[in-house]
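Step one of this worksheet: look at the structure below.
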Amino acid sequence: MKSLTKYLILSLIIAATACKNKDDKKQRLIPEDTKTSQPQTYAEISVKKDGQWEGREYRGGTFENVQELTLPPEHTDHSYYIRYEGPGWENAQVGYRLYLDWRNAIDIFGKKTDTMVLPQVGQDGFDSYHEEAAWGMDILKAGKSLGIGSYGRFMNDTVAHFRNVGNTHAQVSNTEGSSEVKIEYSDWATGTDTVDLTTTLTIFPEGRYTKATLDLSEPLEGLTTGIVKFENIELLQKQGEGGEWTYIATYGNQTFVNDQDKLGMALFYKKADVKEVKEGPHDHLVIFNETAEPVTYYFLAAWEQEPNGITTKEGFLAEIDEHLNNLEESGQLE
């Protein structure tokens, strides 16, 4: 009887093992890319948790992604609180980030791969992304500028950034067709004026561009965007055939990488929305008309080291001219 019991138990174990091995083999035969679909766009914001503030710096803790964030009053530049210092967004071709502090510039992550990389950026050191890695690196010399496509207020021959804000709230969202960063600045004070500003930055699966919408609570003179300017880099300008859309652009050696590395940047805007284009201390500026109506524009960066990247000025101009034609025809790129 004992022998029969042992035999039955052994038979059940063998049968179960065979089924498991069959299932394991079947599982191994399923291609990895069919198990989980790779997102085509991505946005995130990641902050330290389980540490503590010591003055203006956040000490200890580990990074954790959050869907939304209200900036604590202690936070400023180099507080070590937000991974790569603000929200980031990307598609297969390019990544961007915004310094979520008084600087409020938009920077560029040049990508050497067409997969989503932001979750790993800045995990191995606070500013490790300034060094070349397999995925790419931070490539733009933003300095004191707006970077690419960020916003501020032009007044007294300079650009006021976001030194005086009552409250800043950021949130990110990811859908099948796009990823978005939305930032609400309450009581943004410049000169004698105080307004609320809501910014929406959206990236799509196709194209290197970000769509930016600025929505003020009341009219404000001098609302501006722009592109960082560099010595010996020509400003390129062109108006569409229909006269409704225009771009400013630059192309050349304007990266951290080396003296030969090339980057193109462009900013597209509606002519009717803009008061003037002029040179600021650090930027080529596009200054909007005084209005409380939302204004929309697009900006893009094209790095020559992207997979299948644009490697010549002629190729870059062909790309942005095509976008300009599309804007003239349909009023949007997405």
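Computed from a predicted structure; not experimentally measured.
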Answer yes or no: does atom CD of E176 have more than 12 heavy-atom neighbours from other residues, nucleotides or ligands under 6.0 Å? no

Please tell me if the side chains of I320 and Y251 come closer than 4.5 Å, counting only heavy atoms from C-beta onward. no

E290 atom CD: more than 12 heavy-atom contacts under 6.0 Å: yes

Given the rule in the side-chain contact (heavy atoms from CB on, under 4.5 Å) test, do L333 and L327 qualify, once you have shown the distances and angles that lead to the verdict? CA-CA 6 Å; L333 292 180; L327 285 166; 3.6 Å; yes

Heavy-atom donor-acceptor pair, N289 side chain to K275 backbone, under 3.5 Å: yes

Residue pair D101 / T76, side-chain donor-acceptor N/O under 3.5 Å: no

Between Q123 and P119 (side chain of the first, backbone of the second, donor and acceptor by atom type, cut-off under 3.5 Å), is there such a pair? yes

Backbone N or O of S150 within a donor-acceptor pair of the T225 side chain at under 3.5 Å? yes

With clusters defined by side-chain heavy atoms of hydrophobic residues (ILVMFWY) lying less than 4.5 Å apart, directly or transitively, does Y151 cluster with V159? no

So do the side chains of L98 and V181 get within less than 4.5 Å of each other, counting heavy atoms only? no

Just how far is it from atom CG of D283 to atom OG1 of T158, taken to the nearest 0.5 Å? 9.0 Å

Answer yes or no: is there a donor N or O on one side and an acceptor on the other, between the side chain of Q67 and the main chain of V172, under 3.5 Å? yes

Step by step, would you call Y298 with H323 a ring pair (Phe, Tyr, Trp, His ring centres under 6.0 Å)? CA-CA 10 Å; Y298 297 82; H323 285 324; 8.6 Å; no

Within the structure provided, determine whether T250 and K229 are in side-chain contact (heavy-atom separation under 4.5 Å). no

May I ask you to decide if V117's main-chain N or O and E90's side chain share a donor-acceptor pair within less than 3.5 Å? yes

Exercise: identify the closest heavy-atom pair between L263 and A301: CD1-CB, 4.2 Å

Do H161 and L146 make a side-chain contact, defined as non-hydrogen atoms from C-beta onward lying under 4.5 Å apart? yes

In this structure, are over 12 heavy atoms from other groups packed under 6.0 Å from E241 atom CD? no

Report, as yes or no, whether the 6.0 Å neighbourhood of atom CG on N258 holds more than 12 heavy atoms from other residues, nucleotides or ligands. yes

Does a side-chain heavy-atom distance below 4.5 Å link K49 with V66? yes

Atom CG in D215, atom OG1 in T296: separation rounded to 0.5 Å? 9.0 Å

Heavy-atom distance under 4.5 Å between the side chains of E221 and R153, does that happen here? yes

For residues I82 and Y84: do they belong to one hydrophobic cluster (side chain heavy atoms under 4.5 Å, members Ile, Leu, Val, Met, Phe, Trp, Tyr)? no

Could you tell me if the side chain of F256 sits less than 4.5 Å from the side chain of D261, heavy atoms only? no

Shared ILVMFWY cluster between L71 and Y99, side chains joined below 4.5 angstrom? no

Residue pair Y185 / N104, side-chain donor-acceptor N/O under 3.5 Å: yes

Under 3.5 Å: donor-acceptor pair, side chain of T291, backbone of P219: no

Give me the atom names and distance for the closest heavy-atom approach of A266 to F268. CB-CE1, 4.0 Å

Just how far is it from atom CH2 of W89 to atom CG of L201, taken to the nearest 0.5 Å? 4.5 Å

Which heavy-atom pair separates F299 from A212 by the least distance, and what is that distance? CE2-CB, 4.2 Å

Within a strict 4.5 Å, meaning less than it, do heavy atoms of the E64 and T62 side chains meet? no

Look at E57 together with R59 and state whether they make a salt bridge at an N to O cut-off of under 4.0 Å. yes

If only atom types and distance count, is the side chain of E306 paired as donor or acceptor with the main-chain N or O of W303 below 3.5 Å? yes

Looking only at the side chains, is there a donor atom on one of N65 and S46 sitting less than 3.5 Å from an acceptor on the other? yes

If you measure from OG on S217 to CD on E184, what distance do you get to the nearest 0.5 Å? 12.0 Å

Nearest heavy-atom approach of R208 to Y96 is O-OH, 2.6 Å

Verify side-chain contact (heavy atoms from CB on, under 4.5 Å) between E74 and E54, making sure each step is shown before the conclusion. CA-CA 9 Å; E74 300 92 340; E54 295 181 8; over 6 Å; no

Using the rule given for side-chain contact (heavy atoms from CB on, under 4.5 Å), can you reason through K141 versus Q254, listing the C-alpha separation, both sets of side-chain angles and the distance that settles it, and then say yes or no? CA-CA 7 Å; K141 303 173 182 177; Q254 43 192 352; over 6 Å; no

Working to the nearest 0.5 angstrom, can you tell me the gap between D273 CG and F288 CZ? 7.0 Å

Please say which of E319, E234, E304 ends up in a salt bridge (Lys or Arg N to Asp or Glu O under 4.0 Å) with K313. E234

Heavy-atom pair with the smallest gap, counting every atom of N91 and E206: ND2-C, 4.4 Å

Is there a path of hydrophobic side-chain contacts, each under 4.5 Å between heavy atoms of I/L/V/M/F/W/Y residues, joining L285 to L197? no

Taking D187 for the side chain and N167 for the main chain, is one N or O donor matched with an acceptor at less than 3.5 Å? no

Atom pair CD (E132) and CD1 (I139), whose distance is rounded to the nearest 0.5 Å: 10.5 Å

Please say yes or no: joined through hydrophobic side-chain contacts below 4.5 Å, possibly via intermediate residues, are L324 and V277 part of one cluster? yes

Closest non-hydrogen atom pair between K112 and A134, with its separation: CB-O, 3.6 Å

With under 30° as parallel and over 60° as perpendicular, where do the rings of Y58 and W53 fit, or are they tilted in between? perpendicular

Run the numbers on T168 and I183 for side-chain contact (heavy atoms from CB on, under 4.5 Å), then give the verdict. CA-CA 7 Å; T168 301; I183 308 173; 3.9 Å; yes

